[in-house]
Amino acid sequence: MKKKEMVAMLLAGGQGKRLKGLTKSLAKPAVYFGGTYRIIDFPLSNCSNSGIDTVGVLTQYEPLILHSYIGVGSDWDLNRKNGGVFVLPPHERENGSSWYRGTADAIYRNLKFVDQFDPEHVLILSGDHIYKMDYHAMLQYHKERNADCTISVIDVPLEEASRFGILNTEDDLKIYEFEEKPPQPKSTLASMGVYIFKWEILRKHLLEDGENVGSSHDFGKDIIPLMLEDGNSLFAYPFEGYWRDVGTITSLWEANMDLLSDTPPLNLNDPSWRIFTRNPNQPAQYVAPGAKVSGCIINEGCIVHGEVNHSVLFYGVEVGEGSVITDSVIMPKVKIGKNVRIHKAIISENTVIDDYMEIGIERENENEILLIDNKSKKRKSVVAKTI
Amino acid sequence: MKQLMGVINLDHELDKLNELTYFRCGAAVPFASRYRLIDFVLSNMMRADLESVGLFVRRKYRSLMDHLGDGKSWDMNRKHGGLFILPPDWNDPTDTSLGDLQHYHNNLDLFKRGSAKYIVFSGSQHINTIDLQDLYSYHLEKGADVTVVYKKIEELQPEHDLCQRIEVDEENKVTNIHHEKDHPNLYLDIFIMEKKLFLEQVEHCIAHGESYFFRDVIQKNRHKFNIAAYEYHGYHAVINSLESYYKNSLELLQQENYFSLFKESPVQTKIKYEAPTRYLESANVSNSLVANGCIIGGTVENSVIFRGVQIRKGAKIINSVIMQKCVIEENAVIENVIMDKDVHLSKNRILVGDSKRPFVIAKSSKI
C-alpha cells in the first residue's frame, strides 16, 4: 500500500443504548438524522471534504445495515484505488477471538491495517456526533505544535461540563490532565472524541495497554492518562462551530429541531462542505392543495396533504388530509393517515399511523420525547374519534 | 444470457423547445423537478436488465454526456455491456450511408460484439413507463418480424400532430403507418426486432441509398413484414414543444399522473447530494412538486421546483417551472414562466407569461 500522511479510524461499533428502540437492530452511527442523513455521514463527509482518503470503520454491534450502507464508499467519494473506506469488524486470530473490548482495543486489534499505510499520524473519530469540521486544519495545528496527540475540544457551559470528558490545560492549551465527567470541573473544554496521534507513539501505548489486563482499553480512560504519565505532549485544539452529541432520544430530537430555524446553526446547504449520504433516488416531494408546510425540512418522495409545522420529514413519508404534525421527527417511509395529530415525537422508519390517532397531544410530561414505532403506537396514542 | 439490447436514437427529436434547447439536446431537457428526459427511457431500459444500451447522439450533447457519466446511476457501468454513448465521429472514406443509418453503419461493432439476439429501439421524447421485457415476450409470442408500440389517445393534443400513427387489425397486426392527425393510435417511437434482421436491413438500405431506418424499412415494408403492434396503457407525455413541455410539467401536479409516472417503477437520475428542502416559517406552498436542496420562504402555487432553488420571503411563484439553482429574491412575482437553470431574479421584479404560451427565461440570465 502507498504511504499515507494520515489515516482515519472511525469507531462505529457502539450500541447507543440510550437511543432505545432506534438502535434495536442497528448501530448508533447508522441512526437517521436531519431528513436524509445517518449520523456516520457527518464524520465520513468531513473526512472526504478534508482530503482524507483512507478511513477504517470499526464495527461491532448490529453491523448489517451499517456495512451495506457504507458499501464501497462511493457516496463519500471514498472508493479509491489507493486507500478508500475499509469496514473492520472484529475477527478471529491465531491466539483466539473476542469482541472489541474498548475503543483503544479496536485500534490495537487493527494495528496491521494501519501499519500497511505507514502513516505519520492517525485520526481517531467516533460515529456519535453531528458537526462539520476540517480535520486537515486540525492536522496542521497538530504538526505546528509537534504534538504527540491533539484532542479537539469545544467550550461547554460550566454547569454542563460534568457531563463530558474535560481537559485541563495550561494557557498555551497544553493538556496536563484529563477528567472523565468530573463532579467539580476545573475547565470547560470538553473532548469531542476527535484525536490526532503520532502513529509511532500511539502504537507504542496501544501495545502497552493491550497487555494490561486491568485496563478498560478506552482512549479517554486509559490511553490519554497513560500518555500524560509518560510525559508526552498533548494539546487541545479549540473547535468553534456546531457540535452535538446525539446519544439520547432527547438530544437527537433537539439536534433535529436545531435545523429548523430560518438561519440554522448547522448549514447543510453549503456547496463547499456537502454532507454526503446514500441517495434513495425518490421523486420530488408533492405538497398538495390545502397542505401547509412551514418551518420544516422535507425530503424527496414525501406526499403532504396535511399540515407540517416545525418538523423533519425523511424520504417517502405520507401525511394524510387534516393531519397536523408539530415539533416532530418522522423517519423514512412512515405513512400517516388522515386527521392524525402528532406533537413532540420521533416516529421510527416504516411506522403506519392510522386515521384519527393522536400522539403526544395530551401528555404528562411536556419535556418527554415520545418514540413511536409499529409496536408502541397503540400504547402511546389515543384514538380521538372513530368513524 | 441476456437476450435483449437497447438503442436510443436521438436523431428524430423534434425541436420546438426554443430556449430550452439552445445549448442542449431534447433528451437533456430537465423535467419533473429532478430529471432529464433521457432518464425515463434509460430507467425503462434499466428495469428490463438489457445487455447493453447504445445511445446515438448527433448535436448539442455536452450536457447530456455530463449527466450520464459512465451510466452508474442506471446501473449501466458494467464490465461487459452497459451504456455506450456514441457521438457522430466517423471517417470511413468508403462510407455511403445517410441519415440515421450512418449511426448504425459506423457502429456495427456495438451490435456485433454483444450476444443479445434482439434489439429494442427508443427515442427520448415520449415519456412512458413501458415494461420492455413484457414487450419482448409479446414480440416472441406473436412471432413477428417487428413489433411497434402505440398508445390509444382519447383526447388528442396539438403536440401529437407530428407523431406517427399505427393502424391495426383486430389481432393487433399493423395494417398501416401514417401521419393522419385524427387517428388515435399514437406511435411511441419504440420498436423491437431481431438483431440479425436489423443488420441485414441496414446493409440493404445503404445499398439502395435509403436514409431513415424506421421510414425506409419498417414503414415502407409494412405489408411485406409481419409487424405486430403492442398497446401501452400507462403514463404517457410527448415533450416536443415548449407548450407541451409546460402543459405536461404542470399536469404532473395531478396526483394520478404523479403516481402513474413514479410510484410503480422508480425513475433513476444523476445523484446530487443536496440537503432536504427547508421551508421557512413564512413559506406558503400548495399543489407543487419540489425537489431537494431548496430553501423556500415565499409562496409557491401550482408549480414545479427543481433542485437547489431559493425562493425568498415575499416572493410569489404561480403556475411556473423553476429549474435548478435559480434564486428568486424578495417580493418578486412569477406567473406562467419557465425559468431555465441558474437564473437570478432580483427583488420586486414581476414576470408574467400567458397560460397557453409561457414566458421562457434562458439559462443563467440575471434579471
Side-chain angles (χ1 to χ4, degrees), chain A residues 33-37 41 45 48-49 74-77 79 259-264 266-271 273-305 308-318, chain B residues 31-35 39 43 72-75 77 249 252-255 257-259 261-263 265-297 300-310 312-313 325:
Chain A
F33 174 80
T36 192
Y37 309 99
D41 289 332
S45 301
S48 185
N49 289 322
S74 55
D75 286 307
W76 303 271
D77 213 12
N79 52 336
L259 301 171
L260 302 176
S261 68
D262 281 3
T263 45
L266 181 71
N267 179 7
L268 296 171
N269 297 86
D270 178 3
W273 205 273
R274 282 245 180 276
I275 303 303
F276 303 107
T277 183
R278 179 159 293 186
N279 188 319
N281 216 344
Q282 295 273 315
Q285 54 188 273
Y286 175 65
V287 182
K292 190 162 178 356
V293 289
S294 70
C296 55
I297 278 186
I298 302 183
N299 199 350
E300 287 168 341
C302 289
I303 297 179
V304 181
H305 287 276
V308 182
N309 196 348
H310 203 253
S311 296
V312 174
L313 266 56
F314 282 75
Y315 64 86
V317 170
E318 292 176 18
Chain B
F31 185 69
S33 273
R34 58 192 295 276
Y35 303 94
D39 294 343
S43 297
K72 182 172 185 257
S73 297
W74 301 269
D75 212 14
N77 55 337
S249 290
L252 281 175
L253 300 174
Q254 292 162 20
Q255 279 227 42
N257 290 333
Y258 177 89
F259 276 100
L261 181 55
F262 294 119
K263 285 295 174 178
S265 36
V267 183
Q268 305 293 325
T269 187
K270 180 184 176 184
I271 284 176
K272 303 260 165 78
Y273 294 89
E274 297 278 8
T277 280
R278 190 149 54 84
Y279 296 95
L280 309 186
E281 289 295 339
S282 53
N284 186 359
V285 181
S286 89
N287 197 35
S288 294
L289 279 179
V290 185
N292 273 352
C294 299
I295 299 177
I296 297 182
V300 182
E301 279 171 33
N302 304 327
S303 295
V304 176
I305 313 293
F306 281 71
R307 293 187 274 205
V309 170
Q310 294 185 34
R312 305 259 161 87
K313 284 179 193 172
K325 293 200 170 138

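Here is the naming used below: chain letters follow the sequence lines, and residue numbers restart at 1 for every chain.
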Could you check if a side-chain atom of A/S74 sits within less than 4.5 angstrom of a side-chain atom of B/K72, using non-hydrogen atoms only? yes

Any sub-3.5 Å donor-acceptor pair from A/Y286's side-chain atoms to B/N287's backbone N or O? no

Answer yes or no: is there a donor N or O on one side and an acceptor on the other, between the side chain of B/R34 and the main chain of A/Q282, under 3.5 Å? yes

Picking from A/N279, A/V287, A/I297, A/N299, which has the most non-hydrogen pairs under 4.5 angstrom with chain B? A/V287

With side chain to side chain donor-acceptor pair (under 3.5 Å) as the test, pick out the partner of B/Y273 among A/T36, A/D75, A/D41. A/D75

Side-chain contact, heavy-atom cut-off 4.5 Å: A/K292 with B/S286? no

A/R274 CZ to B/E274 CD distance, which is reported to the nearest 0.5 Å: 4.5 Å

Would you say the side chain of A/E300 lies within less than 4.5 Å of the side chain of B/R307, judging by non-hydrogen atoms? yes

With heavy-atom distances below 4.5 Å as the criterion, would you say the side chains of A/V308 and B/Y279 are in contact? no

Inter-residue atom distance A/I298.CD1 - B/I296.CD1, 0.5 Å rounding: 9.5 Å

Could you check whether any side-chain heavy atom of B/N292 comes within less than 4.5 Å of a side-chain heavy atom of A/Q285, counting everything from C-beta outward? yes

Comparing A/G35, A/S261, A/A288 against chain B, the one with the most heavy-atom pairs below 4.5 Å turns out to be A/A288

For B/A275, is there any backbone N or O sitting under 3.5 Å from a side-chain donor or acceptor partner on A/N269? no

Taking side chain to side chain contact (heavy atoms under 4.5 Å, CB included) as the test, write out the residues that go with A/E318, two or more places apart. A/I303, A/K335

When you check the gap from the basic side-chain N to the acidic O, do B/K313 and A/D262 get nearer than 4.0 Å? yes

For a 4.5 angstrom cut-off between non-hydrogen side-chain atoms, does B/Q255 reach A/H305? yes

